[in-house]
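Working notes for the structure below.
If you read the sequence from its start, that first residue is 1, and numbering goes on from there.
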Amino acid sequence: MCRRWVIALLLLMLVAGCAPGVNPEVGTPDAERVIAGFWLGLWHGVIAPVTFLISLFIEDINIYEVHNSGNWYDFGFMLGIGALAGGGSSGSRYGRRR
């Protein structure tokens, strides 16, 4: 019973650590902004479910970084989301059962 509480507490801390914050670069000129690239896109994809839940209640939180590098950010974002779903390996598991 105690082990379940410890695991639940660790999961809660993990989810809280992924919580997004307000973007400090909102309202700054484009020349001074840091452009989000592949690695930030990957991270944003990984924390997308947590960010989505928080964005339902807090208006200043967005799932997707608008000021990004383009295709590389999108690629990282999609890889991050796919990593949560198990990637391509979860689909191949069902084909072996036949």
Side-chain angles (χ1 to χ4, degrees):
M1 183 68 172
C2 183
R3 187 177 291 174
R4 288 183 183 176
W5 282 104
V6 170
I7 291 173
L9 181 63
L10 289 174
L11 285 174
L12 181 65
M13 289 172 50
L14 178 69
V15 170
C18 292
V22 177
N23 190 348
E25 296 182 355
V26 170
T28 60
D30 287 340
E32 297 177 12
R33 290 185 180 188
V34 175
I35 296 175
F38 172 78
W39 294 108
L40 261 174
L42 184 69
W43 177 246
H44 290 164
V46 169
I47 66 169
V50 176
T51 308
F52 174 70
L53 290 175
I54 294 173
S55 71
L56 292 176
F57 303 104
I58 301 174
E59 190 172 318
D60 295 334
I61 304 296
N62 296 322
I63 295 174
Y64 190 80
E65 176 64 50
V66 178
H67 194 69
N68 62 54
S69 63
N71 292 339
W72 283 111
Y73 177 83
D74 296 339
F75 181 63
F77 190 82
M78 294 308 292
L79 279 179
I81 289 176
L84 292 176
S89 64
S90 64
S92 66
R93 182 176 25 184
Y94 296 112
R96 293 182 196 156
R97 291 184 181 177
R98 291 182 180 183

What about Phe38 and Trp43, same hydrophobic cluster or not, with Ile/Leu/Val/Met/Phe/Trp/Tyr joined at side-chain heavy-atom distances under 4.5 Å? no
Are Trp39 and Phe77 connected, step by step, through hydrophobic side chains (Ile, Leu, Val, Met, Phe, Trp, Tyr) whose heavy atoms are closer than 4.5 Å? no
Does atom OH (Tyr64) have a neighbourhood of more than 12 heavy atoms from anything else shown, all under 6.0 Å? yes
Between CG on residue Leu79 and CG on residue Asp74, distance to nearest 0.5 Å: 11.0 Å
Looking at every non-hydrogen atom in both residues, tell me the closest pair between [X] and [Y] and how far apart they are.
X     : Y     : result
Leu40 : Tyr73 : C-CE1, 4.0 Å
Ile63 : Thr51 : CA-CG2, 3.7 Å
Pro49 : Gly45 : CD-O, 4.2 Å

